[in-house]
Amino acid sequence: MVRIDERNAAVEPRPARPPRRRHTQRVPVALLLPAVAGLAFLVLPLAGLVVRAPWATLWQRLTEPGALTALRLSLQTATVATLVCLALGVPLAWLLARVEFPGRRVVRALVTVPLVLPPVVGGVALLLVFGRKGLLGTWLDAAVGVTLPFTTTGVVVAEAFVAMPFLVIAVEGALRGADTRFEEAAATLGAGRWTTFTHVTLPLIAPGIAAGGVLCWARALGEFGATITFAGNYPGITQTMPLAVYQTMEGGDLSGAVVLSLILLIVSVTILAALRDKWITSG
Amino acid sequence: MAGLTAVALAGLVGCGGTDDTGGNAAPSAEVTGAVTVFAAASLTESFTQIGKDFEAAHPGSTVTFNFAGSSALATQINQGAPADVFASAAPTNMATVTDAGNGDGTATTFVRNQLVIAVPKGNPKGVKGLADLTGAGVKVALCAEQVPCGAAAKKALSAANVAITPVTLEQDVKAALAKVRLGEVDAALVYRTDAHAAASDVDGVEFAESAGAINDYPIVVLKNAPNRAGAQAFVAYVLSDKGQAVLTAAGFQAP
């Protein structure tokens, strides 16, 4: 996330950097060894997935309707959850970055709570509020006849709850890194806060929003704990890819679980790489 | 020092809880250390009690449990989880372990269990049988098919010729029960013993077709048991009159 801040701080053309000094000194072993161990620790489990994949039957398993249903549901819900997070999270980030109000530090801390909360706890909390017997859920059920648990909307709610802090933090970082002189100039030229926001601020921090959106989407795609606790597990309705992986593994079908994991890995890495090329590195 | 130990042990036995463990249940000479038991979620309450009784009968031993869906436990055991005893809620999941050569000898059936319809206390939807679960206004939680309670539910439903569209497929019977306790569903197919254990929150509605889907619960000492003596003693305790009494009190049927 620090990196994202830097990128957005760099939206304004910088003075030319001093020429980089060549690092001709040797890399200290005390740094190199843990670095390599850390890399191995991150890469080995993924390599394990590739090694243990049942390559012979891979294509047949890839095209099984169950896998495709779960994948489609995952992509749809993660995308809708990201849109929800953008609609609510960007204004929230703006509020935190641009408006002085009492208790702002507390609000910022509250925003990051879902980030450190175990997602299962988030799912329980969502049930207590939006469940059929929950604080708001009772009212929703009685007044509008809407219940969220066990619905695809419930999956989106769970994913948005867990993923939104990533977006808010990234966008707030972008806002803080952006040069406020452009906004001040717009204000002196008579633009109101809304016009300034839509015509100056948004274009200025677009790369930051894109980066935050990608992060948010990736987190939503991988969501498991809040989803299974709050939305339940039913194929085609609430069973996203992570839930399908879990159920397949629990059922003893190890190679099936590996195939599903590989699909999720390949799809998410491909999409992230494509978005990265399009949005993030262009900044 | 010896006196101190004796006092500590007496305290331990005293804490054991039930009155019927005062006597010598089994020779306890060789049984010490930790015994790790992987047991079906439906055994949570009764095995926790049996574990306490066992520890009281075998001073110096501790029993730790891993309660989960039997299919998940079988997967964990076959992946090398360090367990001493496996108690499954169905022979199929036991076979997953023994067929992989991870059982020590053959499994013994120690209890049987059957399904009931768990509904919120007072049965607000007036559920009397499986046929009442088919309506659109009734939300039902089932166990996933891989788990014994799910397999039994499937069997009972096809015996009754009733098709249900559940709202969720849970990974073990306690998770299905929890959805009823939370009020998120109107009914769940769980074991009679689970409804019994949650009697303060749920009612168990008996239905005729459950007789056609009775689960045998097998137990086995695992081949790679880190504490073989402890494992054998625990299995013997479960099969003993004292163990069986706890299980019967929880609503299980004798094999």
Please answer whether the main-chain N or O of Leu272(A) pairs with a side-chain N or O of Trp217(A) as donor and acceptor at a distance below 3.5 Å. no
Per the side chain to side chain donor-acceptor pair (under 3.5 Å) rule, what does the pair list look like for residues 118-130 of chain A, sequence neighbours excluded? none
Let me know if Leu127(A) has heavy atoms under 4.5 Å from chain B in its side chain, its backbone, both or neither. both
Evaluate whether the separation between SG of Cys149(B) and SG of Cys143(B) stays below 2.5 angstrom. yes
Aromatic ring proximity, centroids under 6.0 angstrom, Phe234(B) and Phe47(B): yes
Provide the full list of salt bridge (Lys or Arg N to Asp or Glu O under 4.0 Å) pairs with a residue in residues 108-122 of chain A, sequence neighbours left out, each pair given once. Arg108(A)-Glu172(A)
Minimum side-chain heavy-atom gap Ile164(B)-Leu157(B) below 4.5 Å: yes
Can you list every donor-acceptor pair under 3.5 Å that links chain A to chain B?
from: Arg132(A); atom 1: N; to: Glu184(B); atom 2: OE1; distance (Å): 2.9
from: Arg132(A); atom 1: N; to: Glu184(B); atom 2: OE2; distance (Å): 2.9
from: Arg132(A); atom 1: NE; to: Gly183(B); atom 2: O; distance (Å): 3.1
from: Arg132(A); atom 1: NH1; to: Asp186(B); atom 2: OD1; distance (Å): 3.4
from: Arg132(A); atom 1: NH2; to: Gly183(B); atom 2: O; distance (Å): 3.0
from: Arg132(A); atom 1: NH2; to: Asp186(B); atom 2: OD1; distance (Å): 2.9
from: Thr147(A); atom 1: OG1; to: Lys139(B); atom 2: NZ; distance (Å): 2.7
from: Thr229(A); atom 1: O; to: Lys179(B); atom 2: NZ; distance (Å): 3.0
from: Asn233(A); atom 1: N; to: Thr168(B); atom 2: OG1; distance (Å): 2.8
from: Asn233(A); atom 1: O; to: Leu169(B); atom 2: N; distance (Å): 2.6
from: Asn233(A); atom 1: ND2; to: Leu169(B); atom 2: O; distance (Å): 2.9
from: Gln247(A); atom 1: OE1; to: Gln171(B); atom 2: NE2; distance (Å): 3.1
from: Met249(A); atom 1: O; to: Thr75(B); atom 2: OG1; distance (Å): 3.3
from: Glu250(A); atom 1: O; to: Ser71(B); atom 2: OG; distance (Å): 3.1
from: Glu250(A); atom 1: O; to: Ala72(B); atom 2: N; distance (Å): 3.3
from: Glu250(A); atom 1: O; to: Thr75(B); atom 2: OG1; distance (Å): 3.4
from: Gly252(A); atom 1: N; to: Thr75(B); atom 2: OG1; distance (Å): 3.4

Honestly, the part of Ala74(B) sitting under 4.5 Å from a heavy atom of chain A is neither
Restricting to pairs with a member in residues 67-103 of chain B, which pass ring-ring contact (aromatic ring centres under 6.0 Å, His included), not counting sequence neighbours? Phe65(B)-Phe67(B)
Interface moiety of Val147(B) toward chain A, non-hydrogen atoms closer than 4.5 Å: neither
Under a 4.5 Å cutoff for heavy-atom pairs, which residue among Pro149(A), Ala231(A), Pro235(A) has the most contacts with chain B? Pro149(A)
Do you know the tightest heavy-atom contact between Ala141(B) and Ala176(B)? CB-O, 4.3 Å
